[in-house]
Structure formats: structure tokens, C-alpha cells
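Down below is the structure, laid out as C-alpha cells.
In what follows, every chain begins at residue 1, and chains take the letters A, B, ... in the order their sequences are listed.
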Amino acid sequence: MAIIKVQRPKLKFGEKIYLGALIRGFFLTMRHAVRTILGKSVGAGTLKSSGTGVTMQFPEQTWDDQLPEYYRGAPALVTDEEDRERCVSCQLCEFICPPKAIKIIPGEIPTDDKWAKVEKRPKEFEIDMIRCIYCGMCEEVCPEQAIYLRKDYLITGYSREDMVHDKKKLYEIGGKRVGLVNKWNELK
Amino acid sequence: MIEFLTPFIIILIKVIFLTFLVLLPLVPVSVYFERRFSAVIQDRVGPNRVGLPLTLFGFKKDFHLFGLVQPMADGIKLLLKEDFTPSHVNKAFYWLAPALTVVPALITVCVVPFGSDITLFGHTESLVIADINLGPLFVFAVASLTVYGITLAGWSSNSKYPLVGGVRSTAQMISYEIALGLSIIPVLTYFGELNLTRIVEHQVDNGWLLLPLWNAYGSVFSAAYWEHSGEQWLFMIPALIAFIIFTVSIFAETNRMPFDLPECETELVGGYHTEYSSMKFALFFMGEYAAMVIGSALIVTLFLGGWSLGFGLDKHIAALEVAGFGIGGLIHMMVFGGKLLAFILFFILVRWTVPRFRYDQLMKLGWVVFFEAALINVFIAALIIAAPQLGALIITIGAIVLIAVTAAIIWVAKVSEDKTPALRA
Amino acid sequence: MSDSHSATAKKPRDLAAEKGLVNVQIDGEWHQFPKGTRMIEACRQVGQEVPHYCYHPKLSSPGNCRMCLVQMGMPPRPTPGVEPDVDEEGYQPIGWMPRPVIACANTVSENMGIKTRGELVEKCREGVMEFLLINHPLDCPICDQAGECRLQEHSVEHGRGESRFVDMKVKKPKNVDIGPRIRLDDERCIMCSRCIRFMDEVADDPVLGFTQRGTHTTLTVHPGRLLDSNYSLNTADICPVGALTSNDFRFQMRVWFLKETPSIDVNCGTGTNITIWTRGNQIHRITPRHNDEVNSTWMPDSHRLNFHYIDAETRLTEPLIKEGGQHRPASWQESLELLTSKLEQMEAGQIAIIASGRMCNEELFLSQQLADKLGCEAPTLVAREGEADKLLIAADRNPNTTGAKLVLGGDPYAGLDSLRSKIKDGAIKALLVFGEDIISDAGFADTDLAGLELLVQAHHSTNPTALAADIVLPTATFAEKRGSMVNLSGRLQRLNRAIEPQGHARDDWEILRDLGAIDKDTHLIEDVFNAMAAKVSEFSDLTLSKIGHQGLIVTETNHKILLLEKERAAKAAGKIVG
């Protein structure tokens with residue numbers, strides 16, 4: 001690439017003395033301050049904000065109904081329409097997870113179970129939400145469409161243990177998701 | 001016995017009242033204003049939540065009070081945080097440093113006149129703790145001790161960023177103290193006085209230094225004023241120069257933006273207080289804001305008439321009495337407080353408007369621009385003040401010499417300036 | 001044949017024939033191979049891996065998977081009396097056959113051409129893959145073979161990506177219990193017959209076979225029989241898909257998480273080469289590692305599954321000191337100081353050391369050094385005899401008997417009986433036992449040991465001797481330590497550390513070092529080996545790293561590993577590639 005030599009601009013006396021720019025700056029910041037106080041700041045009308053500035057008053061006002069389709073919240077496990085676990089604990093999400101937030105202990109479905117044909121399901125499935133970076137790779141890699149990033153973003157807890165979502169919690173967040181799953185039928 | 005103790009009790013009351021009930025509350029207030037003002041400047045809201053948590057006590061609604069209680073919450077948080085002392089620090093100095101930054105700022109308050117006299121139970125008391133005859137010098141002397149706290153904090157932390165921050169602060173404060181001292185010589189010459197109370201009283205009678213809209217002969221609306229106000233208006237020139245230099249230097253002294261290089265986050269993490277936490281950090285924080293309040297008080301006192309309302313109204317206010325108590329002093333205190341708050345807001349406005357200087361620019365501004373300008377300003381002021389006693393010839397010669405010297409200084413400064421270095425390819 | 005040609009230069013075929021080789025063109029390049037080399041091996045040797053399922057070098061080649069189809073060509077047969085055309089390098093032109101041949105069962109011949117690429121070959125592979133996948137379930141997320149599955153790999157490399165098959169797949173039995181250690185999923189089976197041939201040819205227990213025909217071909221076990229051979233788990237290893245899986249490893253962990261550590265088996269004197277598969281600090285499985293001089297590519301199930309004690313409840317994880325009949329946990333420093341001070345109070349003749357044939361050479365060497373330092377007799381070992389089978393398991397169940405003979409000299413087991421009587425007499429007051437449970441394995445009775453003033457047990461798991469011991473020191477298991485051992489055929493082999501020792505357990509050699517067997521500043525087992533190499537002539541000029549993963553012969557014994565004998569006979573008969 002060609003090198004472009006940029007010369008420092010030659011400043012005039014007025015610019016050097018700096019006062020003019022300073023005063024213009026004061027006016028600029030004061031204009032923002034006044035407009036914000038009057039509730040006329042940028043985006044105050046269009047964004048669903050408090051009216052003062054662009055800030056949203058969080059617990060009272062939320063962004064939930066404006067979350068985009070592609071929003072990536074907490075990862076969760078889903079069941080199908082008959083409440084069967086979709087996850088077969090293939091551990092691909094555990095493998096792909098960049099911060100290593102997922103921990104799976106695989107388990108075998110007992111032979112007397114109605115769906116013993118599927119053979120495998122997670123015995124334990126834990127996602128450490130302190131580690132999770134909401135990248136969505138687990139969702140992308142899942143061959144059984146069992147893990148989805150839901151729109152939950154309020155993941156809080158009083159201790160580190162609270163922040164580890166276990167299998168029960170993950171299914172609670174995930175809920176149901178309908179659609180054909182090949183492993184339940186004889187098609188695959 | 002009581003008579004013997006009375007003066008001490010009165011001084012104690014004044015110390016407690018003015019330091020702990022007037023100055024210290026101003027610190028959280030200015031922090032609150034800093035946060036709210038910076039928020040609105042940036043199209044945000046700022047802290048608006050913390051108020052009276054009445055729902056905790058079973059009431060239906062909280063009162064947010066515009067978040068005014070936020071500084072208190074901050075204070076409690078800082079107090080309750082773990083006070084962590086790293087193992088690698090020099091403990092004695094590490095513990096001493098935060099105190100050394102707060103204490104000078106609180107001591108300087110003793111010479112600031114907060115209002116005119118008040119009368120209680122027949123006693124007339126001035127609203128200043130120590131009405132001494134070298135107010136500004138005392139302030140400079142004590143305020144410059146703050147640098148020890150910062151330097152010690154930087155050094156005793158035994159860590160590189162604090163050390164650089166401490167060294168920067170030392171250099172900066174020493175540089176700007178000269179400009180600070182020199183810049184108010186014209187003002188003091190004009191007043192012929194070092195007692196801050198009498199400086200304010202002089203402004204009550206003769207108009208504020210920067211707003212000489214009235215004098216002993218009347219206000220701008222009377223003809224007598226115009227006959228006798230020529231010198232006042234002429235003195236506006238050195239007064240304005242002095243005001244700018246003094247204000248900017250105060251910014252530098254208090255380590256405020258745009259001169260907050262000792263703690264500039266992008267380069268030095270937290271600067272000299274990187275290794276501090278909890279209340280020790282809060283003391284630095286308080287010291288900084290207290291210094292800002294004191295600086296503003298000094299500027300208001302010297303240039304903007306202190307507690308006076310102006311236009312000859314002050315005499316009437318001072319004479320106000322309610323049930324035998326002279327409350328004029330309290331009203332004057334409110335006036336002073338209003339001016340102070342306005343100036344603090346100006347401080348904040350500057351912080352959120354002007355970007356940080358580079359260190360070499362800071363040093364150049366201090367040594368090359370302000371030092372020379374303050375020095376020349378002293379002579380300009382002297383010439384103006386002495387003019388009535390001198391003949392026209394001497395004044396003309398003086399003016400010419402002054403202009404020549406000024407031109408020479410500017411020329412030297414220009415010549416000695418580094419040539420813009422060729423850009424590296 | 002014209003004289004002018006032969007006078008100027010010899011033809012390539014003659015040059016090769018002088019060395020007993022033949023010229024073969026593979027993908028346009030000419031190479032020389034010994035006569036009788038299989039085409040698939042020839043291609044492998046020049047870096048062209050031909051995909052295959054049924055072919056295994058240690059088994060016969062039925063050629064039933066058809067995955068290894070390649071294009072072959074031979075020089076056209078010249079008209080009688082006509083000199084064949086040769087190019088400037090002396091090779092005859094190749095006449096390519098219109099149909100592909102299997103590379104696994106055909107051998108190379110002079111002036112042969114092989115194409116492992118090209119449209120014909122690729123089309124063939126694609127077709128074979130499509131047929132194999134018709135009835136194969138797409139349950140890779142569930143299947144344990146995923147990650148090491150030939151079908152997956154070849155499907156990615158040679159498959160067509162999507163199926164054109166629209167009918168219902170054939171349903172076959174799943175999760176069939178065919179043996180105590182093996183589970184069969186017939187849907188996944190691709191009928192390569194590797195397992196059938198293994199059980200027939202190697203394990204000599206032909207219980208597996210196909211039933212039905214065509215699409216319905218099903219692998220099954222002989223009625224009334226079970227796949228219960230002690231070598232049955234090898235079928236899971238050689239199964240290219242997830243049809244045969246190990247009950248022990250099934251659904252435990254995906255293979256892509258596992259770290260492989262090459263090491264050796266310590267359950268008998270054969271010293272089978274193994275790979276230890278670990279994740280974190282846990283062993284998930286052990287598989288045999290290829291070594292044609294030790295175990296070929298097989299290993300017995302009993303040895304393979306003997307690793308669960310490593311993280312069992314019975315593991316000793318911290319030193320114990322007996323006080324008033326009760327053991328209490330103690331720090332290493334405390335227990336070693338106590339031990340040293342107690343040993344100092346003893347006279348030299350009152351101390352005896354029992355070491356173990358399961359210890360590696362370095363540890364045996366250090367135990368001897370310790371004996372020299374304490375002035376007592378050389379360490380005695382406990383013999384451990386079992387029944388040999390006809391394949392890999394040796395009668396001597398100590399993995400390092402040969403090494404002990406080299407390091408300690410003489411018969412290391414000889415002194416045990418005299419030691420036993422000395423303990424009974426009370427002549428021995430202090431007994432240090434390393435790695436042996438003498439009550440269970442050497443026939444010592446509690447009463448024999450009652451006369452001792454000091455009994456020290458260094459072992460990885462709790463046992464009756466440890467219960468009787470005054471000081472118990474936890475040691476590392478074979479997967480947790482490094483060192484070297486010599487197997488029964490005199491091969492020096494290396495143990496590698498696959499996981500960290502559990503709890504506060506330490507290597508035996510570190511304990512021996514701390515007791516003063518070697519300089520306290522020795523921190524590497526390499527240094528111990530070097531010290532040993534200076535004393536033991538068989539190990540001179542060797543270091544741990546020179547041993548390599550395949551081991552080195554350091555001494556001559558007449559031990560024969562029966563499986564290898566059998567394999568060599570089959571190779572000589574041309575049944576297998578070997």
C-alpha cells in the first residue's frame with residue numbers, strides 16, 4: 001500500500017489560542033445538556049426510552065417486545081411436543097463451547113423405557129452461566145435441535161452455584177419446541 | 001470561667017459548622033452534580049434512583065428524590081468495602097497518604113469568608129473560622145501540601161503506574177503553583193489587602209473585580225458612577241488575564257480534567273490511587289472534590305465578590321434581623337453557596353467538554369505561556385494602578401517597554417519552539 | 001530380444017528383479033515393491049491410503065466390502081514374436097482395465113499400473129458408500145463410534161453427501177446382548193466380517209457369523225453361545241463402525257475429548273503395548289497399541305478392563321500413621337520424618353525390604369540402593385503366577401520379572417521364604433513393603449507380622465497389609481507414573497504418565513528418594529534411569545527417551561509369545577499381510 005504522508009495542519013493564531021474552540025465546545029455540551037433536560041435528546045422520541053436521554057429506565061421499562069428475532073439470550077434445552085428430551089448427549093456443544101461453559105455427563109436410557117431405542121440421553125447437563133458468552137455455537141452445532149438460545153437475559157443469582165443451570169432449569173427455560181425429530185421415528 | 005471558654009467554643013462551633021456541615025456536604029453534592037450533569041451532557045439520565053426506600057418499610061412507593069441520596073449510598077458502599085492493603089506496599093506511608101490529601105483541603109477552608117457577620121444573642125460573629133491577614137498565601141501554602149499525599153501514595157504503592165502518576169502530579173503541581181501565585185499578585189495589588197474578608201468587603205463597596213457595575217458613588221445607572229469608574233474598567237484587562245490564569249491553574253492544581261494526567265485512566269489505570277480501595281480510595285476522591293470546592297471558593301472570593309450580592313444591596317441584607325437575630329450572614333452564605341455551586345458546575349462542564357492535554361502540552365502551557373503571561377500581567381496591573389500618580393510620559397514609556405518586553409518574550413518562545421519534526425515514513 | 005538394447009542399458013524390470021522387486025506405477029509414479037505385496041499395502045507405502053473396511057493386515061482378506069476398488073492396468077500381451085513397446089525409461093505402456101479391482105486381495109506384479117484416483121475410482125467409492133449407507137442409521141450423535149468411525153470419515157471424503165434412497169430402511173436388532181463385555185447394534189453393521197474373522201483366526205473361538213442374505217444379512221452369535229472370549233473386546237476395536245461397542249466404555253465419553261498416552265500393560269509379563277485414553281484426570285478406556293514384537297494389535301479383556309481401581313474408593317490418597325491401633329492422615333513430611341527416625345533406631349540386620357515385580361526398573365534400582373544404604377539385604381520380590389493362555393497372557397503375572405533380574409541380579413523371588421522365617425523368628429524388626437500386599441499375595445499371616453516393630457506399606461490401594469502397617473504411604477498406579485520395564489522376551493519398554501496421581505499419592509521412586517536411596521536433588525526419573533544405566537550393563541548407553549514407543553531388546557530370553565508365533569505362521573502361509 002502506498003504511504004501517504006499527512007502533514008500536520010498549520011494552525012492559525014486564533015486556533016492556536018484555543019479559546020474559540022473551547023467556547024464552541026461549551027456551547028455544544030450545554031446544548032446537549034439543555035436538550036436532554038427538555039426531553040429532546042437524540043432518539044428520545046423514537047426509542048422507547050424514558051424520554052430523558054436515550055436511557056431506558058430498566059426494571060420498569062424493558063426491551064422485551066423489541067428483541068430482534070436473532071437475539072441470543074440464555075442457552076436452554078428443549079423438549080419436543082411429547083415432552084421427550086431431544087438431547088442425546090452427543091457432547092458436540094460441550095466440544096464447541098468456546099468458554100467451556102457446558103458440562104455433560106452422558107447416560108443410557110434404561111431398556112424398559114418407552115424410548116429406549118434412542119439409547120442415550122444426558123444424565124447431567126450443566127451450563128455455567130458465569131462462563132457462557134452467548135455466542136450461540138451450541139445451538140449451531142446441535143445435530144438434534146435440542147439446545148436453543150432463548151430470549152432470557154436476566155440471568156442472576158446470589159452465588160456461583162446459582163449461576164450454574166442444571167438440566168431441570170435448562171428444560172424449564174427451554175420449554176417445548178415442535179417439529180420433526182428423526183430419532184423418534186423410523187426414518188433416519 | 002464561661003467567659004474564658006466562650007471564644008474557644010465559638011471557634012469550635014464555627015469549625016464544625018463550616019467544615020463539616022458546609023464544606024464536606026458540598027463534596028457529595030458536587031459528586032452528584034458531576035454525575036447528573038455529565039449524564040445530561042451525554043444524553044443520558046444519570047443516577048436518579050436512590051432516594052428514600054420506603055417500600056422497605058412497608059410503604060407503597062419509594063421516593064426517588066432525583067437520586068439525591070446516591071452520594072450517600074456511594075459513601076456507605078465505599079465505607080463497607082473491603083479495605084485491602086496489598087502486601088508489597090510501604091504500609092506506613094501507604095496509610096498516611098490518603099489523609100495527607102484530605103486534611104490540607106479541609107484546613108484551607110478556615111480562611112474562606114462564607115458570609116457577612118451574623119448576630120446571635122448579642123454576639124456578632126464573622127462567618128470565617130480564622131480571619132487572618134494572609135488568606136490567599138495561607139491557602140497556597142496549605143493546599144500545596146496535598147502534593148505530598150499524592151506523591152507518597154504513588155511511591156509507597158510500590159507499583160509502576162501509581163509511581164508515574166505520583167511523579168506526574170508532583171511536576172504538575174510545582175509547575176502550576178508558580179503561575180497560581182503570580183497570577184493573583186495584580187489582584188492583591190489592586191485590593192492592597194491579603195485579608196479575604198476585607199477583600200470581599202471592598203468588592204461589596206466597589207463592585208466585583210470582574211463585574212465593576214457599581215462603586216461607592218452609585219451603580220451603572222447613575223452618572224456619578226461613570227465619572228469615577230474609569231480605573232475600574234481599565235483594570236478589567238489584567239483582572240481578566242489573572243482570572244483565566246488563576247482558574248486554569250486551579251484546574252491543574254486540583255488534578256481536574258483537562259489536566260488529570262496523574263490519574264489518567266488510559267495510560268495509568270488509576271494513577272496514584274491504583275492500589276487503593278475502599279475508604280482510603282474515597283479519601284483521595286474526597287480530597288480531590290474538596291480541593292475543587294476550595295478552589296472555586298477562592299476564585300469566587302477573589303474575582304466574583306465572595307458572598308456579596310452586589311448593587312449596594314449587601315448593606316440592607318446585613319442589617320436584616322429576625323427576632324433580634326442578625327440573619328444577614330446566613331443569606332450571604334446562601335449567596336456564596338449559589339456562586340460556589342455555579343462555579344462547580346462550570347468545573348464539571350469543562351471536564352466533560354475539554355479533552356485531556358498531553359503531558360508536554362501541559363508543561364508547555366504552565367511554563368511557557370502562563371508563567372510569562374502572569375509575569376507581564378503583574379507589570380500591566382502595576383502600570384494601571386500607578387497611573388494616577390505618574391506623568392503621561394512615564395506611562396507612555398512604561399507601556400512601550402512593556403509591549404517591547406512582551407513582544408520579545410513571544411519571539412523567544414516562538415524561536416525556541418521545536419520545529420515540527422519531519423514525519424517518519 | 002535385441003542385443004543392442006541389452007548391451008547399452010538394463011531394463012527397469014531387470015534392475016528390480018535383481019533385488020527381488022517389481023516395478024509398479026501408482027498414480028503415474030513408478031515405485032518398486034517386493035513381489036507378493038498387496039496393492040493396498042503398496043499404495044499405503046507411497047502415501048496413498050486406499051479406503052477400506054473389511055481389510056485388516058492381521059486378518060485374512062475376503063474382499064467383501066468393495067471399498068478399496070482401484071483401477072488397475074497391465075502391459076498388453078504382445079503378439080508372439082513382436083518386441084513389446086517400451087518408452088524411453090524402459091517401461092511398457094499400461095493397458096488400463098475397464099473394470100476396477102479390489103486392492104486388498106490382489107498383489108502387485110511387474111509393470112503393473114494402479115490408479116487410486118480418477119473418475120472411475122471415485123465413482124466406485126461413491127457408489128459403494130451409498131450402498132453402505134442405505135440401511136445405516138444416521139444416529140451419529142448417539143453412536144459411540146462417532147469421531148473414530150471409518151464410515152463417517154469415508155462418507156466425508158468419498159461419499160456423495162445426500163441419499164437418494166426413499167424407501168424404509170431395513171430394521172434389524174439393536175442393543176443386542178451378545179456377550180458379557182460387548183454389545184451389538186445390527187443396524188449399524190456394514191458386514192465387513194472383521195469381527196467374525198478375528199474370532200475365528202486369532203481368538204480361535206468362532207462364535208460370530210452372518211445369517212440371512214442380501215439386505216437382511218445380520219451379524220449374530222452362534223445359538224446357545226456367547227461372545228465371551230477373553231479377547232472379545234478386540235472386536236470392538238476393529239469394528240469400523242459402531243456395531244460392536246464395549247459395555248465398559250459405552251456412552252461414557254466422546255472420543256474427541258480423550259487424550260491418548262502410549263504406555264504398557266502391567267498385568268502380566270508380556271508387557272502388552274497400550275494406549276491410555278484420558279480426559280481430565282480420569283481414564284476412560286485402554287486399547288491395545290500396535291507392536292509386532294509384543295502383542296501385534298490385540299490385548300486380552302481382563303487386562304484391558306483392569307484400570308477401574310485407579311479412581312476407586314479403595315485408593316489411598318494420603319499418608320497414614322497408625323496411632324493406638326487407628327490410622328490417622330498425616331502429611332508426607334511428617335510420615336517420612338517419622339519413618340526415617342524409626343529406621344535410624346534399627347540395626348542394619350533388623351531391616352528388610354520387600355519390593356514388587358510390578359515396580360519399574362528405576363524403582364527396583366532405588367529400593368536396592370536404599371537396602372545398601374540401610375545395610376540390609378537386597379530387596380525380595382513376591383512371585384505372582386497365573387495360568388497362561390495360548391495367546392498373550394503369560395504365566396508370570398509380574399510385568400517386570402526380567403527387569404528385576406537385571407537390576408537386582410539373581411533370582412529376585414528366592415529370598416522370600418528365608419525372610420518369612422526371619423520375621424517369624426523376630427530377627428527382622430522393621431519391614432518395608434513396596435507395592436505388594438504380602439498378606440493376600442505372599443501368604444503372610446497377621447500373626448507373622450505381629451512381631452514386627454515397624455511395618456511400612458507403600459501401595460496405591462488399601463489392603464490387609466496396609467491395615468496392619470504402622471505407616472502407609474500412598475503410591476501411584478501404572479497410569480500415573482513414568483518408568484521402564486523389561487518384558488518376558490527381554491524387551492525394555494516405557495510406561496508413560498497419562499494422569500496425575502490421585503490425591504496426595506506419590507511415585508514410589510520419589511518416596512525411595514526421600515528415604516535416601518538417591519540424592520535428594522533428583523527430580524527427574526530420567527536421572528534415576530541414568531544412575532541405573534551406569535550400574536546395570538544391559539541399560540548402558542540408554543536413556544528413557546531412547547527406548548521409544550516400541551521398546552528395545554536388552555537381553556535374550558527364550559520366551560515365546562504364542563500369539564506372535566501363530567501370526568508369523570499365518571503370514572508365512574500368505575494368509576495374512578502381517
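Within a 6.0 Å radius of CZ in A:F26, more than 12 heavy atoms belonging to other residues, nucleotides or ligands are found. More than 12 heavy atoms of other shown residues, nucleotides or ligands fall within 6.0 angstrom of atom CD in B:Q361. Heavy atoms of other residues, nucleotides or ligands lying less than 6.0 angstrom from CE of B:M363 number more than 12. Annotation: A:K151, atom NZ; neighbour count of heavy atoms from other residues, nucleotides and ligands within 6.0 Å is above 12.
At least one side-chain heavy atom of A:L22 sits under 4.5 Å from a side-chain heavy atom of B:V354.
Closest heavy-atom contact between B:I41 and A:H32: O-CB, 3.1 Å.
Both the backbone and the side chain of B:V350 come within less than 4.5 Å of a heavy atom of chain A.
Going from atom OG1 of B:T353 over to atom CZ of A:F27 covers 11.5 Å, rounded to the nearest 0.5 Å.
When A:I37, A:V34, A:T29, A:L38 are each tested for a side chain to side chain contact (heavy atoms under 4.5 Å, CB included) with B:V40, only one passes: A:I37.
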